[in-house]
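Some notes on the structure that comes next.
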There are 2 protein chains.
Amino acid sequence: MEDFAAVSGISRPTLSKFFNDPGSVRVSTKKRIEEALEKYDYQPNLYAINQNRRLTKNIGVVVPYLSDPFFAKIARVIEDHILETGYKPVLLGSHGRPELEIENLENLRSIKPAGVLLAPLGRASDRAHIDTFCNDVPSVLFDANIDGIGAPFVGSNNEQSVGIMVDYLCRTGEPPTFFEMKSPTNPNAFKRRHAYIASMEALGHEPNLIQAAGEGWEFEEIGFQEGRRVVRGGKLPTNTILCSNDRLAIGFLSAAFEEGVRVGLEPGCTLRVAGHDDHPFSRYTCPTLTTVSQDYEAIAKRSVETLFERIEGKTTADSREETLFDGRLVMRASA
Amino acid sequence: MEDFAAVSGISRPTLSKFFNDPGSVRVSTKKRIEEALEKYDYQPNLYAINQNRRLTKNIGVVVPYLSDPFFAKIARVIEDHILETGYKPVLLGSHGRPELEIENLENLRSIKPAGVLLAPLGRASDRAHIDTFCNDVPSVLFDANIDGIGAPFVGSNNEQSVGIMVDYLCRTGEPPTFFEMKSPTNPNAFKRRHAYIASMEALGHEPNLIQAAGEGWEFEEIGFQEGRRVVRGGKLPTNTILCSNDRLAIGFLSAAFEEGVRVGLEPGCTLRVAGHDDHPFSRYTCPTLTTVSQDYEAIAKRSVETLFERIEGKTTADSREETLFDGRLVMRASA
DNA sequence: CATAAAACTTTACTCGCGTAAAGAATTAAT
DNA sequence: ATTAATTCTTTACGCGAGTAAAGTTTTATG
């Protein structure tokens with residue numbers, strides 16, 4: 001930088017200022033610097049820069065599973081929003097493992113990020129550890145909430161999203177039976193279960209739950225196995241299935257197909273299946289999956305905005321806000 | 001660190017040595033340090049550590065699309081292998097955009113990684129830029145090859161993998177028609193096309209190509225659109241389709257289903273469809289997709305090994321090796 | 001037990017930049 | 001044009017380690 005200051009004719013402190021915020025120097029000098037930059041292509045050393053900064057311009061993004069297209073999708077939108085602000089997103093996946101989740105957080109801590117966006121694993125997460133982390137580093141949770149954590153939450157309004165789906169299904173056919181995992185890893189699953197029961201009762205129907213055994217994040221497989229069992233047994237309370245999420249539905253549809261059960265609205269179909277989340281693949285299932293889409297864009301945008309409010313200290317630490325966005329019914333062929 | 005040296009009773013240079021390689025100090029001192037570490041939980045500053053290292057212990061991993069389960073899967077395996085070596089993987093996705101690909105590389109350069117594993121976009125990639133990068137930083141390409149780049153390549157043997165599939169299909173029914181994109185982004189696509197033609201000719205069959213229009217990485221959609229067109233038109237040379245990759249096949253299957261064309265081996269089916277890659281979702285398509293699985297594990301392992309050979313300077317820069325692994329036929333219901 | 005080798009401590013310098021303070025130069029406002 | 005406010009330049013120090021060199025202590029070897 002010293003050398004670059006010499007050849008560019010600009011003092012080092014001014015250069016330093018420029019690299020921290022190009023807008024903080026006079027336009028004329030900004031231009032001079034940029035011209036010199038092209039000529040000598042100097043690049044400040046990332047490590048030296050951050051060593052003396054209390055906060056870096058990095059923002060951590062931690063999701064449970066990077067290989068889950070759902071998280072890949074929302075992470076991508078979040079990344080874009082972070083880039084817009086001039087910060088640098090650092091994307092980390094926890095592979096469904098709680099140890100890796102906290103390891104990711106600790107690694108992030110060591111890069112002194114300005115803030116962190118965390119979609120926690122859920123039930124398996126190390127609540128206490130996450131809590132202390134959120135107190136140390138400006139954070140906001142998204143997708144999955146953890147009660148009692150000192151960080152704002154941005155996510156979907158499961159009450160509403162499940163509600164409109166139950167309404168729709170009841171209006172257009174038999175009331176749905178709820179298909180879910182017995183012990184879900186994800187807190188949204190519990191909310192959806194309750195939302196289903198509440199919606200059904202509000203409409204005067206008796207709720208029915210089918211709870212698949214199985215642990216972990218292999219939702220398609222669990223949906224497939226239990227789906228096959230259920231379809232074979234023929235013991236469905238109604239001819240309509242509402243899956244707790246699309247990945248379960250994808251497995252279920254695969255099982256139904258294999259068992260020769262026709263799913264959909266067309267004549268000859270004996271089953272309706274709906275999902276939740278508008279998973280990227282739900283567009284290509286057979287039949288295409290009727291589902292409710294989370295407002296990815298809004299969730300991503302609001303998460304980033306909320307984080308920056310935190311970073312800039314606009315919100316006090318104790319204002320634990322939750323922002324929920326409504327889902328949108330996506331009607332396709334399966335229900 | 002100075003403070004920690006004081007309280008732990010170990011000199012700072014020894015601590016420094018320990019943090020760089022815990023095995024480089026006497027076991028007794030190692031124990032003393034670790035005990036002190038638990039008591040005072042000190043953590044060296046990441047930025048200060050790397051500032052004076054010419055090479056850090058980071059290894060960059062760049063893939064075209066993080067939201068593509070295929071890349072998510074192989075990236076995950078690669079991450080595991082890197083972690084085993086004591087290095088830290090830094091995963092970056094290019095979202096299919098060539099500018100982002102080189103931006104990722106430049107960002108990596110600024111963290112002075114020990115090496116980089118790159119799965120290039122392919123045709124769209126900035127060849128020259130990647131080449132200079134590979135000359136500066138120890139790199140190995142995987143998945144997609146770029147000719148004339150000064151870095152080893154590890155990938156799949158498309159000749160073999162397409163070959164066994166064509167053999168299988170010809171042996172069990174009508175010879176396959178090849179379904180692909182007209183102008184594929186990925187170099188593997190070209191290899192597969194040629195492998196298909198060669199295999200067909202070797203077996204005395206006439207090759208047939210169906211080439212879908214469309215650009216980009218929305219393979220399912222392209223497979224769906226073109227698949228529907230083709231199925232509707234009824235102008236298929238044979239009753240067997242071999243798709244250039246599973247994502248096209250997923251779209252194709254969806255289109256076939258929608259058009260009421262039954263796919264598979266069972267009586268009543270009028271079409272066979274096969275894919276390539278053993279995409280995580282190919283297990284749940286309707287019908288389940290017959291495909292050929294790339295040897296993810298071997299590719300990941302060998303890529304990392306090759307990179308470390310480069311890093312440690314065992315291989316000379318001009319030895320441009322290519323390692324290809326055979327695929328494995330995965331017989332399921334669609335063909 | 002003597003000796004060599006290995007591991008450690010002390011001391012001191014380096015890296016590349018952040019940043020504070022004081023003064024000089026430029027720009028904006030009256 | 002004068003003054004005040006910005007913006008720069010100069011100078012100087014700090015950050016948290018890596019690392020080299022010389023001297024000291026511990027461990028292995030015979």
Side-chain angles (χ1 to χ4, degrees), chain A residues 1-37 40-58 86-88 106-114 136 311, chain B residues 1-37 40-58 86-88 106-114 136 311:
Chain A
M1 189 154 167
E2 204 96 42
D3 296 349
F4 181 67
V7 295
S8 66
I10 307 255
S11 73
R12 202 176 64 70
T14 304
L15 286 178
S16 179
K17 234 181 136 202
F18 168 83
F19 284 115
N20 280 320
D21 177 7
S24 66
V25 300
R26 219 183 279 144
V27 268
S28 57
T29 50
K30 184 178 162 188
K31 256 196 183 151
R32 281 174 60 202
I33 295 176
E34 278 164 351
E35 277 165 17
L37 225 40
Y40 303 99
D41 97 303
Y42 156 82
Q43 197 175 357
N45 178 306
L46 193 82
Y47 298 106
I49 288 176
N50 287 321
Q51 170 164 7
N52 291 331
R53 253 211 253 295
R54 247 160 66 78
L55 290 186
T56 66
K57 288 244 173 188
N58 296 320
Y87 281 67
K88 214 183 93 188
E106 287 312 311
N107 281 337
L108 279 178
R109 199 198 285 272
S110 74
I111 68 169
K112 295 186 282 188
D136 295 351
I311 292 172
Chain B
M1 189 156 167
E2 203 97 40
D3 297 350
F4 181 66
V7 295
S8 67
I10 308 251
S11 73
R12 203 175 65 69
T14 304
L15 286 178
S16 178
K17 235 182 133 198
F18 168 83
F19 284 116
N20 279 321
D21 177 8
S24 67
V25 299
R26 218 182 282 146
V27 267
S28 57
T29 51
K30 185 179 163 188
K31 257 195 183 153
R32 281 174 59 204
I33 295 176
E34 278 165 350
E35 278 165 17
L37 224 40
Y40 303 99
D41 96 304
Y42 156 82
Q43 198 175 357
N45 179 306
L46 192 85
Y47 298 106
I49 288 176
N50 288 321
Q51 169 164 5
N52 289 332
R53 256 212 251 293
R54 248 160 68 78
L55 290 186
T56 67
K57 288 242 171 188
N58 297 321
Y87 281 69
K88 214 183 94 188
E106 287 312 312
N107 281 336
L108 278 178
R109 199 198 285 272
S110 73
I111 68 168
K112 296 186 282 187
D136 295 350
I311 292 173

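Proteins get letters first, then strands, A, B, ... in listed order; numbering begins at 1 in each.
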Quiz item: Residues two or more places apart in sequence or in another chain: which of them pass side chain to side chain donor-acceptor pair (under 3.5 Å) with A:S11?
Solution: A:T14
Practice problem: To the nearest 0.5 Å, tell me how far B:D136 CG sits from B:R109 CZ. | Solution: 4.5 Å
Quiz item: Just how far, in rounded Å, is P of C:dC17 from CD of A:Q43?
Solution: 10 Å
Practice problem: Measure from NZ on A:K57 to P on C:dC17 and round the result to the nearest Å. | Solution: 17 Å
Practice problem: Using atom CD of A:Q51 as one end and atom P of C:dT14 as the other, report the distance to the nearest whole Å. | Solution: 16 Å
Practice problem: Could you check how far CD of B:E2 sits from P of C:dA12, rounded to whole Å? | Solution: 13 Å
Quiz item: Taking atom C1' of C:dG16 as reference, at what distance in whole Å does atom CG of A:D3 sit?
Solution: 11 Å
Quiz item: What salt bridge (charged side-chain N to carboxylate O under 4.0 Å, His left out) pairs are there with at least one residue in residues 41-52 of chain B, not counting sequence neighbours?
Solution: none
Self-check item: Exam field: side chain A:N50 to backbone A:L46, donor-acceptor pair closer than 3.5 Å
Solution: yes
Exercise. Remember a base hit wins even if backbone is also touched, and classify B:F18 as base, sugar-phosphate or nothing at under 4.0 Å, heavy atoms.
Key: nothing
Practice problem: Pick base, sugar-phosphate or nothing for B:F4, based on heavy-atom distances below 4.0 Å to the nucleic acid. | Solution: nothing
Exercise. Report which part of the nucleic acid B:N20 touches: base, sugar-phosphate, or nothing (heavy-atom distance under 4.0 Å, all strands).
Key: sugar-phosphate
Self-check item: All pairs passing salt bridge (charged side-chain N to carboxylate O under 4.0 Å, His left out) where residues 2-16 of chain B contributes a residue, at least two apart
Solution: B:E2-B:R12
Quiz item: Under 3.5 Å, side chain of A:Y47 to main-chain N/O of B:I111, donor-acceptor pair present?
Solution: yes
Which side-chain N or O atoms in residues 25-35 of chain B pair as donor and acceptor under 3.5 Å with protein atoms at least two apart or in another chain?
from	atom 1	to	atom 2	distance (Å)
B:T29	OG1	B:R26	N	3.4
B:T29	OG1	B:R26	O	2.7
B:R32	NH2	B:G9	O	3.1

Show me the protein contacts with nucleotides 8-10 of chain C, counting only N or O atoms at under 3.5 Å.
from	atom 1	to	atom 2	distance (Å)
C:dC8	OP1	B:R26	N	3.2
C:dC8	OP1	B:T29	OG1	2.4
C:dT9	OP1	B:S11	N	3.4
C:dT9	OP2	B:S11	N	3.1
C:dT9	OP2	B:S11	OG	2.5
C:dT9	OP2	B:T14	OG1	2.6

Self-check item: chain A contact limits on DNA chain D, taken 5' to 3' with a cut-off of 4.0 angstrom to heavy atoms
Solution: D:dT7 to D:dG16
Quiz item: When the ring planes of A:F4 and A:Y42 are compared, do they come out parallel, tilted or perpendicular, using 30° and 60° as the limits?
Solution: parallel
Self-check item: Nearest heavy-atom neighbours spanning A:S110 and A:N107
Solution: OG-O, 2.7 Å
